[in-house]
Each structure stands twice: as C-alpha cells, then as structure tokens.
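Down below is the structure, laid out as structure tokens.
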Amino acid sequence: MASISIGPSPARRDVLARRVRLLVAATISYNAIEAIVAITAGTIASSTALIGFGLDSVIEVSSATAVAWQFSARDHAVREAREKTTLRIIAVSFFVVAAYVTFDAVGALVGSSEADRSIPGVVIAALSLAIMPFLSAAQRRAGRELGSASAVADSKQTLLCTYLSAVLLAGLVLNATLGWSWADPIAALVIAAIAVREGRDAWQGKGCCAPTTRPAADINTDTPAADSCGCDPGRSCGS
C-alpha cells in the first residue's frame with residue numbers, strides 16, 4: 001500500500017531548523033540582558049519580585065541553550081536523538097521556575113517588607129510583555145511544523161515569561177499606585193501551577209509529534225486526519 005509523507009521535506013526541515021536556531025539565539029540574547037537589568041533593579045529597589053523575574057530569565061537561558069544544543073546538529077537524525085534529553089532539561093527548568101515563583105510569592109504574602117518603586121523594573125517588564133509573545137509564537141509555529149516537541153516546549157517557556165512579565169508589571173504598578181502588594185504574589189501562584197503542568201507535559205514529551213507517514217488509502221477515509229504536527233487523534237509525542 002502506497003504511503004505519503006505528512007511531514008516537511010528535507011529542504012523545508014533545514015529551513016525550519018535554521019529558523020529555530022535564530023529564534024533561540026534571540027531568546028538567549030534578550031533573556032541575558034533581561035536577567036542583568038531585572039536582578040540589578042531588584043537589588044536596588046529591594047524587590048523580590050524583580051529579582052525572581054531576573055532569575056527566571058536565567059532559567060529561560062538554560063532552557064533555550066538546551067534547544068540550541070539540540071539544533072546545533074546539522075543532521076536531522078542527530079537532532080531527533082537529542083530530543084528526549086532536551087525535553088528533560090526544559091521540564092526541569094519549568095519545575096525550577098514553579099518552585100522559585102512559589103517560594104517568592106509565599107514570602108511576599110507573609111513578609112512585612114515593602115519594595116521601593118522601580119522605573120527600570122517597569123520598563124523591562126513592559127518590553128518583555130511586548131517582545132516575548134512574538135518570539136514564542138514564531139518558535140511554536142516552526143516547532144510544530146518541524147515536529148519538534150522540544151522547540152514547542154521551549155516556546156511555552158518563553159510564553160511563561162510573558163505571563164510573568166504581565167504579573168510583574170501589574171504588581172509593580174498596583175503596588176506603586178494603590179498599595180496592592182498582595183496582587184502580584186497571588187497571580188504568581190497561578191503561574192507556578194501553570195509551570196508545573198507545562199513541565200509535566202514536557203517531561204512526558206507532549207505538545208507536538210514528529211511528522212509521520214500515513215497510508216494513502218487512509219486519506220479519504222472517515223478517520224479524523226492527523227493534526228498539524230502529524231499526530232493521529234489522541235496520540236501525543238510521548239506515546
């Protein structure tokens with residue numbers, strides 16, 4: 001029985017791999033700058049939220065670096081062989097983010113110290129909120145078309161930075177204008193729960209399947225078609 005490929009051609013895979021490498025390089029570069037600014041501003045303003053945001057940026061760099069290592073291989077088979085290890089690193093990064101955000105949020109809720117206003121903190125949070133969604137979406141599209149669960153998982157790590165940026169920005173503004181110091185840690189606890197879920201999915205390899213082949217005869221049957229990642233209905237990358 002004849003079969004057709006529902007995955008990208010080798011030439012298209014090379015294009016997508018180069019795109020992922022460029023997006024990961026941009027993510028690493030921006031997060032390195034973000035970490036320096038946030039940790040410095042947080043130290044000056046005695047803001048645990050800003051310092052935590054900066055440390056999250058460091059963790060994001062480690063996640064993106066793992067994907068960069070995977071896609072540094074020019075051969076597609078080598079990249080696939082590195083996929084599981086990369087997913088494990090990304091999953092651990094999610095868990096570390098969740099643990100730190102939870103610790104920081106609980107400390108902010110029960111603590112009595114108040115952070116000073118931080119204009120640099122507001123600026124870096126606003127910039128991240130504007131930049132990160134585009135990086136995340138671009139990498140997610142490339143990862144899904146390529147069938148790379150690790151690229152998709154790293155894009156979710158970048159998207160989590162967007163959520164953290166929104167929480168940080170809201171916390172800094174509300175604390176400075178209305179004195180609502182509790183708003184930031186409450187929202188951060190919700191984000192921590194999301195990070196745990198994403199970490200679990202990354203560990204299990206969920207998120208996007210590698211492109212597969214299907215019998216040509218199946219294309220015109222009543223069976224639902226594979227999704228954009230090449231997954232048959234109900235099948236995840238880990239299965």
Side-chain angles (χ1 to χ4, degrees), residues 4-28 31 56 59-98 132-164 191-214 224-239:
I4 62 173
S5 172
I6 60 175
S9 66
R12 180 60 178 169
R13 277 204 305 263
D14 290 342
V15 171
L16 292 169
R18 285 196 298 270
R19 185 177 302 170
V20 169
R21 285 195 292 269
L22 288 173
L23 290 168
V24 168
T27 300
I28 292 173
N31 275 286
D56 170 69
I59 294 170
E60 284 188 67
V61 169
S62 70
S63 173
T65 300
V67 178
W69 165 73
Q70 178 189 352
F71 280 85
S72 65
R74 300 293 176 177
D75 185 81
H76 180 64
V78 177
R79 292 198 298 266
E80 284 191 330
R82 294 178 176 180
E83 180 97 350
K84 185 175 181 179
T85 300
T86 304
L87 280 170
R88 291 290 190 264
I89 295 172
I90 294 173
V92 170
S93 296
F94 271 117
F95 295 144
V96 171
V97 168
M132 288 303 175
F134 295 100
L135 281 176
S136 175
Q139 186 173 337
R140 186 163 58 253
R141 284 194 299 269
R144 283 177 174 171
E145 185 177 351
L146 189 59
S148 171
S150 61
V152 172
D154 187 57
S155 75
K156 292 181 178 180
Q157 177 74 271
T158 303
L159 187 61
L160 185 63
C161 177
T162 303
Y163 300 149
L164 285 171
I191 291 177
I194 295 173
V196 170
R197 185 193 68 188
E198 298 295 351
R200 181 198 62 199
D201 288 349
W203 188 272
Q204 294 173 352
K206 294 181 180 179
C208 185
C209 287
T212 58
T213 57
R214 296 181 66 197
D227 67 15
S228 60
C229 287
C231 293
D232 290 326
R235 178 172 173 264
S236 68
C237 261
S239 59

(Q) Using side-chain heavy atoms (C-beta onward) and a distance below 4.5 Å, is K156 in contact with V152? (A) yes

(Q) Contact between W69 and V24 at the side-chain level, heavy atoms closer than 4.5 Å - yes or no? (A) no

(Q) How close do S136 and L159 get, counting heavy atoms only, and between which atoms? (A) OG-CB, 3.5 Å

Q: Measure the CD-OG1 distance between Q70 and T86 for me, rounded to the nearest 0.5 Å.
A: 4.0 Å

Q: Might you confirm whether atom OH of Y163 has over 12 heavy atoms from other residues, nucleotides or ligands at distances under 6.0 Å?
A: no

Q | Side-chain heavy atoms of R141 within contact of L16, under 4.5 Å | A | no

**Q.** Residue pair I90 / A153: nearest heavy atoms and the distance that separates them
**A.** CG2-CB, 3.9 Å

Q) Looking only at heavy atoms, which two atoms of S62 and I89 are closest? And how far apart? A) O-CG2, 4.3 Å

Q: Looking only at non-hydrogen atoms, find the nearest pair between A26 and L135 and report the distance.
A: CB-CD2, 4.1 Å

Q: Give the minimum heavy-atom separation between F94 and G199, together with the two atoms involved.
A: CB-CA, 3.5 Å

(Q) Determine whether E60 and T65 satisfy the following criterion, side chain to side chain contact (heavy atoms under 4.5 Å, CB included), listing intermediate values before the conclusion. (A) CA-CA 8 Å; E60 284 188 67; T65 300; over 6 Å; no

Q. Please walk me through it: do S93 and R88 pass side chain to side chain contact (heavy atoms under 4.5 Å, CB included)?
A. CA-CA 9 Å; S93 296; R88 291 290 190 264; over 6 Å; no

Q | Residue that, paired with S148, satisfies side chain to side chain contact (heavy atoms under 4.5 Å, CB included) out of E83, R13, Q139 | A | E83

